[in-house]
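Proteins get letters first, then strands, A, B, ... in listed order; numbering begins at 1 in each.
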Protein chains: 2
Amino acid sequence: MLRAVNEPVNAPRSQPVDESPDERDAAPRPPQRLRSLVSWQAGKVSTIGARATARHMPLTARADFAVLAALEEFGALSQAELGRRLGLDRNDISGTVTRLDATGSVDRRADPGDRRRNLVTLTDAGAARLQEIQHAADQAQAELLTGLDQAERRALQALLAKLLDAHRPEPA
Amino acid sequence: MLRAVNEPVNAPRSQPVDESPDERDAAPRPPQRLRSLVSWQAGKVSTIGARATARHMPLTARADFAVLAALEEFGALSQAELGRRLGLDRNDISGTVTRLDATGSVDRRADPGDRRRNLVTLTDAGAARLQEIQHAADQAQAELLTGLDQAERRALQALLAKLLDAHRPEPA
DNA sequence: GATTAGCGTTGGCACGACCAACGTTGTGTG
DNA sequence: CACACAACGTTGGTCGTGCCAACGCTAATC
């Protein structure tokens, strides 16, 4: 049943090193106190995912992907609304949209009905770019999930989704 | 093969906004393409965890916690070894150990048997500090895990642990 | 004795999350 | 109508984190 992980945590030893010979070359384990912190685990998983991602695309493509995906799924949005959907600061959205606009992936223009807003629209080029990034992301995802079988992947994803649902109303 | 987890993903709608009235005030959902990326989910969980953590302690305490926990569990270590255990760069360990040494949480001295190394030892003050941080971390953890019952928490933790085990040999 | 490898340190870069301030524009209210 | 108020987009800055590069030192290897 996947071993409880939670266990005691209170087993500090004090020999300077020790290293029994059969784990000399094995991977050094992080301390139990960290291994039992979900927030630490999630952070590590995130950076491993980032490393895998970086092998398939420039890092900045991650922000692009988020914006493009939102536009594809919800249609044209203002930048503030993008921020709310994605859980990002509107400050940071600004830069990403600028980049996407410069490469023609997106069309940004003042909303005629409310000139405070910028209406951001997905272009055909943007849709194509979205597909590219999705492809790279799938590969990175596959690398990240090595070691988990189908059922475990689905379970993990479902649990993370449920956790996130419980926290959603905090955009930034 | 392997794109598992990700269901269709190809259901883009195109109405500019729509917003059915019963979710007008509800939390805006992130796009499906993101919700089906474990690496994105993990990132979000990580930052939500960081926010929760920040409510209970200074952010830098997280790095301190990692180092202190490793020293408590494995005894005195060199900085390079700390890096390997924690999956961190030895560059970054240096700064953390300096901070911990300055506050007396740790004793750093040249290893008499190999003067290239710094032997880092946990002090009593350090052990106390570790307990403090653990306490704060527990509270943050509880906030983060709101919305998951006991069994789900254990399952999530176990799945993350298994995923990490499959990637361990990459310190930096 | 010379080369190679490991260690700790400094300094730099990129990225993400966040906060503060400003000018602009729409929405109220008196 | 004039006014304060709120929302928007932008710029500029801070902090924490993950990386790479280089240096001087020490130990192991040949």
(Q) Please find the pair of heavy atoms, one from B:Glu73 and one from A:Gln32, that lie closest to each other, and give the distance. (A) OE1-N, 2.6 Å
Q) Are any of B:Arg84's side-chain N or O atoms less than 4.0 Å away from OP1 or OP2 of C:dC7? A) yes
Q) In whole Å, what is the span from the CZ atom of A:Arg99 to the P atom of D:dT10? A) 14 Å
**Q.** Spacing between A:Asp89 atom CG and D:dG12 atom P, to the nearest angstrom
**A.** 17 Å
Q: Would you kindly compare A:Asn91 and A:Ala63 by the position of their nearest DNA chain C nucleotide and give the one closer to the 5′ end?
A: A:Ala63
Q) Relative to the 5' end of DNA chain C, which residue comes earlier, B:Ser78 or B:Thr47, by the nucleotide with the nearest heavy atom? A) B:Ser78
Q.
If I take atom CG in residue A:Leu86 and atom C1' in nucleotide C:dG16, what distance separates them, rounded to the nearest angstrom?
A. 14 Å
**Q.** D:dA7 phosphate, OP1 or OP2, under 4.0 Å from A:Gln79 side-chain N/O
**A.** no
Q) Using a distance-only test with no angle check, is there a side-chain donor-acceptor pair under 3.5 angstrom linking B:Arg108 and B:Gln79? A) yes
Q. Contact class for A:Thr60 (heavy atom, under 4.0 Å): base, sugar-phosphate, or nothing?
A. sugar-phosphate
Q. Does the distance from a Lys or Arg side-chain N to an Asp or Glu carboxylate O, for A:Asp107 and A:Arg109, drop under 4.0 Å?
A. yes
Q: Report yes if at least one side-chain N or O of A:Ser94 is closer than 4.0 Å to OP1 or OP2 of D:dG9; otherwise report no.
A: no
Q: Identify whether the distance between the nearest side-chain nitrogen and carboxylate oxygen of A:Arg35 and B:Asp165 falls below 4.0 Å.
A: yes
Q.
Judged by each residue's nearest nucleotide on DNA chain D, which is more toward the 5′ side, A:Ala80 or A:Gly43?
A. A:Ala80
Q) Is the number of heavy atoms from other residues, nucleotides or ligands under 6.0 Å of B:Asp149 CG greater than 12? A) yes
Q. Under 6.0 Å from the six-membered ring centre of A:Phe74 and within 45° of its axis: does the NZ or CZ of A:Arg85 meet both?
A. yes
Q) To the nearest Å, how far apart are B:Leu82 CG and C:dG8 C1'? A) 12 Å
Q. Salt bridge check: are A:Arg117 and A:Asp114 linked by an N-O gap of less than 4.0 Å?
A. yes
Q) Over how many whole Å does the gap from A:Asp92 atom CG to D:dG13 atom P extend? A) 16 Å
(Q) Does anything in residues 103-120 of chain A come within less than 4.0 Å of DNA chain C? Heavy atoms only, and list the residues if so. (A) A:Asp114, A:Arg115, A:Arg116
Q: Measure the distance from CZ on B:Arg90 to P on C:dG11 and round it to the nearest whole Å.
A: 16 Å
Q. Closest to the B:Lys44 side chain: D:dG18, C:dA17, D:dC8?
A. C:dA17
(Q) Rounded to whole Å, how long is the line connecting atom CD1 of A:Ile93 with atom P of C:dC18? (A) 13 Å
**Q.** Nucleotide nearest A:Arg62 (side chain, heavy atoms from C-beta), chosen from D:dT10, C:dC18, C:dC15
**A.** C:dC15
Q: Grab the CG-C1' distance between B:Leu59 and C:dC19 for me, whole Å please.
A: 14 Å
